[in-house]
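Read through the structure below, which is laid out as structure tokens, and then see the notes.
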Amino acid sequence: MKKRKNLLFISLLIFIAEYVGLIGWYWLFDGRAGDASLTISRYVGLNWWSSLIFCAGNMAIVVLIVNYLLTRAKNRGFLWRMLMYVFVIAFMALSISPHVPDESMPAVIHKFFAGVMFVDIALISLLSIAKAQNKFATCFALLFTAYSVYFCISDVLRVPYFMDLILWFESAYLYAFFALLMLTEPRIDK
């Protein structure tokens, strides 16, 4: 079980390093300090170098998650694994196509796959409720599923306060997703 969680934990650490490094640079050196109205991807798409760093880091995360799925997640159920593969494909596609400011084709592709990924995460969270091994994990999975619904609806409706603080809402969604995966890890392989 520890090796499984390590793959997910390392993925989370890579994502945190990308997030802190890239957004920190834009906040400290690009005059955007405290601007929470841009998504992580909007920040990343501001320059070619940040898009490349984000893509490289995300490809490392993809490798770790695919390794997890192929070697360690056999007991998670077929539907759960298929939804995780959808997550991986969407995550890869949005990483390759940055959300550039000019709303060109890469931005359109990015937005499509980001939407797929966010809805897919909500479905994974729903299935993960059944995989929780204790009360804390069950409560976390239930709360995260409720947050997933809230997040997806608020994003689609472009709720003003939500969009003004999208960086924080999106960050919480993605970090909590990694926590959900680790917390709902089944105890034994079958």
Under a 4.5 Å side-chain heavy-atom rule over Ile, Leu, Val, Met, Phe, Trp and Tyr, are [X] and [Y] clustered together?
X: F112; Y: V100; result: no
X: V63; Y: F54; result: no
X: L69; Y: L8; result: yes

(request) Under the side chain to side chain contact (heavy atoms under 4.5 Å, CB included) rule, collect the residues that match up with A36, sequence neighbours excluded. (result)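 Once residues adjacent in sequence are excluded, the partners of A36 under the side chain to side chain contact (heavy atoms under 4.5 Å, CB included) criterion are L165, L167, W168.
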(message) The criterion is side chain to side chain contact (heavy atoms under 4.5 Å, CB included); which residues satisfy it with L143, sequence neighbours excluded?
(response)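 With neighbours one apart ignored, the set is empty.
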(request) Just grab all the salt bridge (charged side-chain N to carboxylate O under 4.0 Å, His left out) pairs involving residues 45-54, residues at least two apart or on different chains. (result)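 Found none.
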(request) Name all pairs fulfilling the salt bridge (charged side-chain N to carboxylate O under 4.0 Å, His left out) condition that reach into residues 43-67, sequence neighbours left out, sorted by first residue then second. (result)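 Those involving residues 43-67 do not exist here.
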(message) Test of understanding: with side chain to side chain donor-acceptor pair (under 3.5 Å), list the residues that count as partners of S171, not counting sequence neighbours.
(response)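 Scan of S171 (side chain to side chain donor-acceptor pair (under 3.5 Å), adjacent residues dropped) gives Y19.
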(message) Among residues at least two apart in sequence or on other chains, which ones pass side chain to side chain donor-acceptor pair (under 3.5 Å) with D164?
(response)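 D164 satisfies side chain to side chain donor-acceptor pair (under 3.5 Å) with no residue once adjacent residues are dropped.
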(request) Report the C-alpha separation of L7 and I65 in whole Å, then their side-chain angles, then the decisive distance to 0.1 Å, and conclude whether the side chain to side chain contact (heavy atoms under 4.5 Å, CB included) test is met. (result) CA-CA 7 Å; L7 291 171; I65 291 176; over 6 Å; no
N/O donor-acceptor pairs under 3.5 Å from side chains in residues 77-95, not counting sequence neighbours:
| unit_1 | atom_1 | unit_2 | atom_2 | d |
| --- | --- | --- | --- | --- |
| W80 | NE1 | S128 | OG | 3.3 |
| R81 | NH1 | K74 | O | 3.1 |
| R81 | NH1 | G77 | O | 3.4 |
| S95 | OG | N58 | ND2 | 2.8 |
| S95 | OG | F91 | O | 2.6 |

(request) List the steps, then state whether side chain to side chain contact (heavy atoms under 4.5 Å, CB included) holds for F9 with L64. (result) CA-CA 10 Å; F9 187 69; L64 291 168; over 6 Å; no
(message) Regarding E185 and Y68, do their side chains bring together a donor and an acceptor under 3.5 Å, going by distance alone?
(response)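 Yes - a donor-acceptor pair under 3.5 Å links their side chains.
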Show every donor-acceptor pair shorter than 3.5 Å between a side-chain atom in residues 152-160 and any protein atom, with sequence neighbours excluded, or say none if there are none.
| unit_1 | atom_1 | unit_2 | atom_2 | d |
| --- | --- | --- | --- | --- |
| S154 | OG | Y150 | O | 2.9 |
| D155 | OD1 | R158 | NH1 | 3.3 |
| R158 | NH1 | D155 | O | 3.4 |

(request) Work out which heavy atom in I40 is nearest to a heavy atom in E170; give both atom names and the distance. (result)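 Of all heavy-atom pairs spanning I40 and E170, the closest is N-OE1, 2.8 Å.
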(message) Can you give me the closest heavy-atom contact between G57 and I14, atom names plus distance?
(response)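 Heavy atoms only, the tightest pair is O-CG2, 3.5 Å.
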(message) Checking F140 against T184 for the side chain to side chain contact (heavy atoms under 4.5 Å, CB included) test, could you report, in this order, the C-alpha distance in whole Å, the side-chain angles of both residues, the deciding distance, and whether it holds?
(response) CA-CA 9 Å; F140 187 87; T184 60; over 6 Å; no
For a 4.5 angstrom cut-off between non-hydrogen side-chain atoms, does [X] reach [Y]?
X: M182; Y: L12; result: yes
X: R76; Y: L181; result: yes
X: R32; Y: I23; result: no
X: L174; Y: M117; result: yes

(request) Output the distance between atom CE (M163) and atom CG (L38), rounded to the nearest 0.5 Å. (result)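 So the CE of M163 and the CG of L38 are separated by 10.0 Å.
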(request) Hey, could you give me the CZ/CD1 distance between F178 and I10, rounded to the nearest 0.5 Å? (result)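 It comes to 12.0 Å.
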(request) Scan residues 44-54 for pairs that pass side-chain hydrogen bond (donor to acceptor under 3.5 Å, both in side chains), counting only residues two or more places apart or in two chains. (result)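 Found Y26-N47, Y26-S50.
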(request) Would you list the pairs meeting side-chain hydrogen bond (donor to acceptor under 3.5 Å, both in side chains) in which at least one residue belongs to residues 110-121, sequence neighbours left out? (result)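 Matches after skipping sequence neighbours: S41-H110, E103-K111.
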(message) Working note: Y161 + F169, criterion side chain to side chain contact (heavy atoms under 4.5 Å, CB included); need CA distance, chi angles, decisive distance, verdict.
(response) CA-CA 11 Å; Y161 78 88; F169 285 109; 4.0 Å; yes
(message) Could you list the cluster mates of L126? Members are the ILVMFWY residues connected by side-chain heavy atoms closer than 4.5 Å, either directly or through other members.
(response)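 Traced through the cluster, L126 reaches I129, L142.
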(request) Under the ring-ring contact (aromatic ring centres under 6.0 Å, His included) rule, collect the residues that match up with F151, sequence neighbours excluded. (result)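 Result, ring-ring contact (aromatic ring centres under 6.0 Å, His included) vs F151: F118, F162, Y173.
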